[in-house]
Amino acid sequence: MPMSTALPPDIEDLRLRTREFIRGTVMPAEPRPGAVVPEELLAELRSAAKAAGVYAPHAPKEYGGQGVPLQYWSPIFQEAGYSLIGPSALNCMAPDEGNMHMLHLIGSEEQKRRYLVPLVAGEARSCFGMTEPHPGAGSDPAALASRAEKVDGGWRINGHKRFTSGANNAAFCIAMVRTDAVDGAPAGATMLLVDMDTPGVRIGEQLHTMDRAIGGGHPHVHFEDVFVPDDAVLGTPGEGFRYAQVRLGPARLTHCMRWLGLARRSLDIALDRTNRREIFGSVMNELGLAQEMIAQSVIDIETSDAIITKTAALLETDAKAGSALSSVAKTHTSEAVYRVIDRSLQLCGGDGVTDRLPLAAYLNEVRAFRIYDGSNETHKWAIARRASARRRREAEHGAPDLADVSAPIDAAAFPADAKA
């Protein structure tokens, strides 16, 4: 697999071992396209991943992971994503992977012991309660409607979440709720760790979506007078939106990494097809139309790889700038990956739309990513606003107006005999 930068020897070794494990152990165990991997099989694959030393590449070593720095996650996650069930087998699939990262950075030692340790070990699953039914929070987090009231010894939660990915199998939820100013903490959003068996937590309507890779569904979750103690607060009350960026920037980027691995596999399927399929007297890979589609897919993959790599490195050094660039990476990669898989399906003709090949199932999986983690339209709106604001600041600090057409033309600069 081509990589955009040279990797340290230990990271390259882990990448190669992950590649071998995915292709030699995980891919032969894949269920029929569109089906969900059985829990018993997933447990077996995770045990095998631990034995192979490739389990939980992103998690700290002291918790049972491989301790890979964020800037090197992409090559490993892409190898995992070459199989649709690879990230689950390695326990680096959403939403658990993002929750692990946030718990490691923000959680207290007791919260890490209680929630992070079993999550990394694969002994527990988790979910993240953010999205709500209209007019609650969705692409606009400021619309957050679920609330928690400060009561003696803790908090009382009332709210209604939807698209709570993984909730059916989750042992706990990180719930984003609105709170008033209390004990010196500002009013705002607060993250609360809520065990799913707490009285008042109820899983509601199941949403049947086009994607299947995230185990545990995307159901509605109701919080009805749910009491949690004071030590359930993740971080500080009122700072939930700031903490969310700790999770959302890397989480949307790791989606890009995993799906880019799937795009690479899709192109490989198409290349295997075009390298041996003859049509109109020629092998397909010699036909201009096929070559154009293949070339465009390579371009989409390599540009996505480059921006993911840049964003991952920036997240390590400047979290705010990295989070902003992750919007660009997410928007570009989610659309590029879809194009790659769609072209691959087209190159495989009628077989591409059947379950004899996995490409149709892949399309269903990656199409949802243009909505998940913030719709692409919302990201583009934010990207444009940031670009305009940056240029305004530069102008305020003396940058020339490059679009000014009102200045008089210096005739001496354009001799009369100059040709147009």
Side-chain angles (χ1 to χ4, degrees), residues 1-5 15-16 18-35 37 74-75 77-87 210-213 255-309 329 331-370 376:
M1 180 183 294
M3 287 295 152
S4 54
T5 57
R15 183 185 76 82
L16 292 174
T18 301
R19 178 188 181 98
E20 180 181 0
F21 179 77
I22 292 296
R23 301 185 188 216
T25 302
V26 176
M27 287 174 58
E30 290 174 338
R32 188 184 184 97
V37 59
S74 185
F77 277 49
Q78 286 185 53
E79 295 289 3
Y82 199 79
S83 169
L84 197 56
I85 66 172
M210 62 196 303
D211 60 309
R212 296 287 185 273
H255 269 312
C256 296
M257 299 170 186
R258 290 184 291 260
W259 292 142
L260 189 57
L262 202 67
R264 291 184 186 275
R265 179 171 175 183
S266 300
L267 179 58
D268 285 348
I269 292 171
L271 290 171
D272 286 347
R273 173 83 168 200
T274 58
N275 283 344
R276 61 178 171 79
R277 176 77 165 171
E278 293 188 10
I279 186 170
F280 302 121
S282 298
V283 179
M284 281 185 70
N285 64 13
E286 298 175 353
L287 298 176
L289 286 173
Q291 291 173 343
E292 167 70 12
M293 296 171 77
I294 292 167
Q296 291 292 350
S297 291
V298 172
I299 292 167
D300 274 337
I301 287 172
E302 293 305 321
T303 53
S304 297
D305 189 25
I307 194 169
I308 289 170
T309 300
T331 303
H332 174 79
T333 304
S334 63
E335 296 177 0
V337 164
Y338 186 88
R339 291 192 296 265
V340 172
I341 299 176
D342 186 63
R343 292 190 200 104
S344 298
L345 187 152
Q346 191 74 12
L347 286 166
C348 289
D351 290 329
V353 300
T354 72
D355 62 3
R356 297 303 299 272
L357 293 175
L359 295 170
Y362 291 175
L363 270 186
N364 283 340
E365 294 295 335
V366 303
R367 177 60 182 86
F369 185 35
R370 284 155 61 187
N376 282 11

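The figures that follow rest on heavy atoms only: side chains count, while hydrogens, waters and symmetry mates do not. Heads up: numbering here begins at 1 and tracks the sequence.
- For the residue pair Val340 and Leu267, the shortest heavy atom distance occurs at CG1-CB, 4.3 Å.
- What you find for Pro87 and Ala80 is that their closest heavy atoms are CD-O, 3.3 Å.
- Considering all non-hydrogen atoms of both residues, Leu347 and Arg273 come closest at O-CG, 3.8 Å.
- Between Ile22 and Pro28, the shortest heavy-atom contact is O-CD, 4.5 Å.
- Look at Arg265 and Glu365 and you find no salt bridge, because none of the NZ, NE, NH1 or NH2 atoms lies under 4.0 Å from a carboxylate O.
- For the atom pair Cys348 SG and Arg277 CZ, the distance stands at 10.0 Å (nearest 0.5 Å).
- Tyr82 has its side chain within reach of Met27: a pair of non-hydrogen atoms, C-beta onward, lies under 4.5 Å apart.
- Smallest separation of non-hydrogen atoms from Met284 and Ile279: CG-CG2, 3.5 Å.
- You'll find the side chain of Cys256 reaches within 4.5 Å of the side chain of Phe369, heavy atoms only.
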**OP:** Give the C-alpha distance, both sets of side-chain angles, the deciding distance and a yes or no for side-chain hydrogen bond (donor to acceptor under 3.5 Å, both in side chains) between Glu335 and Thr331.
**Re:** CA-CA 6 Å; Glu335 296 177 0; Thr331 303; over 6 Å; no
**OP:** Go through the steps for Arg264 and Gln78 under the test side-chain hydrogen bond (donor to acceptor under 3.5 Å, both in side chains), then give the verdict.
**Re:** CA-CA 8 Å; Arg264 291 184 186 275; Gln78 286 185 53; 2.7 Å; yes
Subject >> Trace of the side chain to side chain contact (heavy atoms under 4.5 Å, CB included) decision for Arg32 with Asp355 >> reply: CA-CA 8 Å; Arg32 188 184 184 97; Asp355 62 3; 2.6 Å; yes
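- Within 6.0 Å of the CD atom in Glu20, the count of heavy atoms belonging to other residues, nucleotides or ligands does not exceed 12.
- A heavy-atom distance below 4.5 Å is found between the side chains of Ile301 and Leu260.
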